[in-house]
Participant: 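Below is one structure. I have some questions about it.
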Amino acid sequence: QVQLVESGGGLVQAGGSLRLSCAASGRTFSDYSMGWFRQAPGKEREFVSAIAWTAGNTYYADSVKGRFTISRDPAKNTVFLQMNSLNPADTAVYYCAARYYSAYYPAVNDYPYWGQGTQVTVSS
């Protein structure tokens, strides 16, 4: 059974940075896609970024391109989301997600496995 555990969220001032981590377990993740999504209060969950576990191809939503960087450490089975130049619009619960097959998957319904989420709050 795939398990995903996020960490690294918190409260930060506008312009600051945070690094989220997603520890994955339960299987070998080669040929998997790992994604980050976020959900703000009253809004739908939205795609933030994704990475192909083996090839390392990365994908970003336009709203975070140039500010966020996704990466992975296969030795630790961990995916990271480095978030820089944060602004209040980035405030949300951030979720890690996983699915089999490496390709561009930006839809919530593409992912069968989800973590519990970590809160990111950016103050102005």
Participant: Which of parallel (below 30°), tilted (30 to 60°) and perpendicular (above 60°) describes Y104 and F47?
Facilitator: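 Aromatic pair Y104/F47 classed perpendicular.
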Participant: Once rounded to the nearest 0.5 Å, what's the spacing between atom OG of S49 and atom CZ of F68?
Facilitator: 9.5 Å
Participant: Can you see which heavy atom on T78 is nearest to which on S21, and at what distance?
Facilitator: CG2-CB, 4.2 Å
Participant: Going from CE on M34 to OH on Y105, what distance comes out if it is rounded to the nearest 0.5 angstrom?
Facilitator: 14.0 Å
Participant: Is it the case that the side chain of R72 and the backbone of T54 share a donor-acceptor pair, with hydrogens and angles ignored and the cut-off at 3.5 Å?
Facilitator: yes
Participant: Taking the cut-offs as 6.0 angstrom to the six-membered ring centre and 45 degrees off its axis, would you call R19 and F80 a cation-pi pair?
Facilitator: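 Cation-pi check for R19 and F80: passes.
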Participant: If you compare all heavy atoms of Y95 against all heavy atoms of G115, which two are closest, and at what distance to 0.1 Å?
Facilitator: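 Looks like CD2-O, 3.7 Å.
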Participant: Starting from the C-alpha separation in whole Å, work towards a yes-or-no answer on side-chain contact (heavy atoms from CB on, under 4.5 Å) for N87 and R67.
Facilitator: CA-CA 10 Å; N87 60 67; R67 300 188 299 122; 3.5 Å; yes
Participant: For the side-chain contact (heavy atoms from CB on, under 4.5 Å) test, which of V64, T118, T69, V48 pairs with L81?
Facilitator: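 That would be V48; it is the only one of V64, T118, T69, V48 passing the side-chain contact (heavy atoms from CB on, under 4.5 Å) with L81.
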Participant: Only one of Q39, Q119, E6, R38 passes side-chain hydrogen bond (donor to acceptor under 3.5 Å, both in side chains) with Y94; say which it is.
Facilitator: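 The side-chain hydrogen bond (donor to acceptor under 3.5 Å, both in side chains) with Y94 is passed solely by R38 among Q39, Q119, E6, R38.
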Participant: Taking only residues at least two apart or on different chains, which pairs with a member in residues 55-103 satisfy disulfide (SG to SG under 2.5 Å)?
Facilitator: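 Qualifying pairs, neighbours excluded: C22-C96.
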Participant: Restricting to non-hydrogen atoms, name the atom on L11 and the atom on S123 that form the minimum distance, rounded to 0.1 Å.
Facilitator: CD1-CB, 4.3 Å
Participant: Ignoring hydrogens and angles, tell me if any N or O in the side chain of T91 forms a donor-acceptor pair with the backbone of V122 under 3.5 Å.
Facilitator: yes
Participant: Any non-hydrogen side-chain atom of M83 less than 4.5 Å from a side-chain atom of V120?
Facilitator: yes
Participant: So, for S17 and S85, which heavy atoms are closest and what is the spacing to 0.1 Å?
Facilitator: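 Closest heavy-atom pair between S17 and S85: OG-N, 4.4 Å.
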Participant: Using the rule that two of Ile, Leu, Val, Met, Phe, Trp, Tyr join whenever any of their side-chain heavy atoms come within less than 4.5 Å, decide whether W36 and Y100 are in one cluster.
Facilitator: yes
Participant: Ignoring hydrogens and angles, tell me if any N or O in the side chain of S102 forms a donor-acceptor pair with the backbone of A52 under 3.5 Å.
Facilitator: no
Participant: Please say whether more than 12 non-hydrogen atoms of neighbouring residues, nucleotides or ligands are located less than 6.0 Å from NZ in K65.
Facilitator: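 Yes, the 6.0 Å shell around NZ holds more than 12 heavy atoms from other groups.
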Participant: Can you give me the closest heavy-atom contact between A92 and A40, atom names plus distance?
Facilitator: CB-N, 3.8 Å
Participant: Can you tell me how far CG of N57 sits from CD1 of I70, rounded to the nearest 0.5 angstrom?
Facilitator: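 The distance works out to 11.5 Å.
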Participant: Mind checking whether W53 and F29 have parallel, tilted or perpendicular rings, split at 30° and 60°?
Facilitator: tilted
Participant: Taking all non-hydrogen atoms of both residues into account, name the closest pair between S33 and Y101 and its distance.
Facilitator: OG-O, 2.7 Å
Participant: Can you tell me how far CZ of F37 sits from CG of D110, rounded to the nearest 0.5 angstrom?
Facilitator: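 Here the rounded value is 7.0 Å.
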Participant: How long is the gap from CG on L4 to CD on Q116, to the nearest 0.5 Å?
Facilitator: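 One gets 9.0 Å once the value is rounded to the nearest 0.5 Å.
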Participant: Considering only residues two or more places apart or on different chains, which pairs with a residue in residues 20-32 satisfy salt bridge (charged side-chain N to carboxylate O under 4.0 Å, His left out)?
Facilitator: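 Output for this query is empty, none listed.
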Participant: Run the side-chain hydrogen bond (donor to acceptor under 3.5 Å, both in side chains) test against R99 and tell me which residues pass, sequence neighbours left out.
Facilitator: none
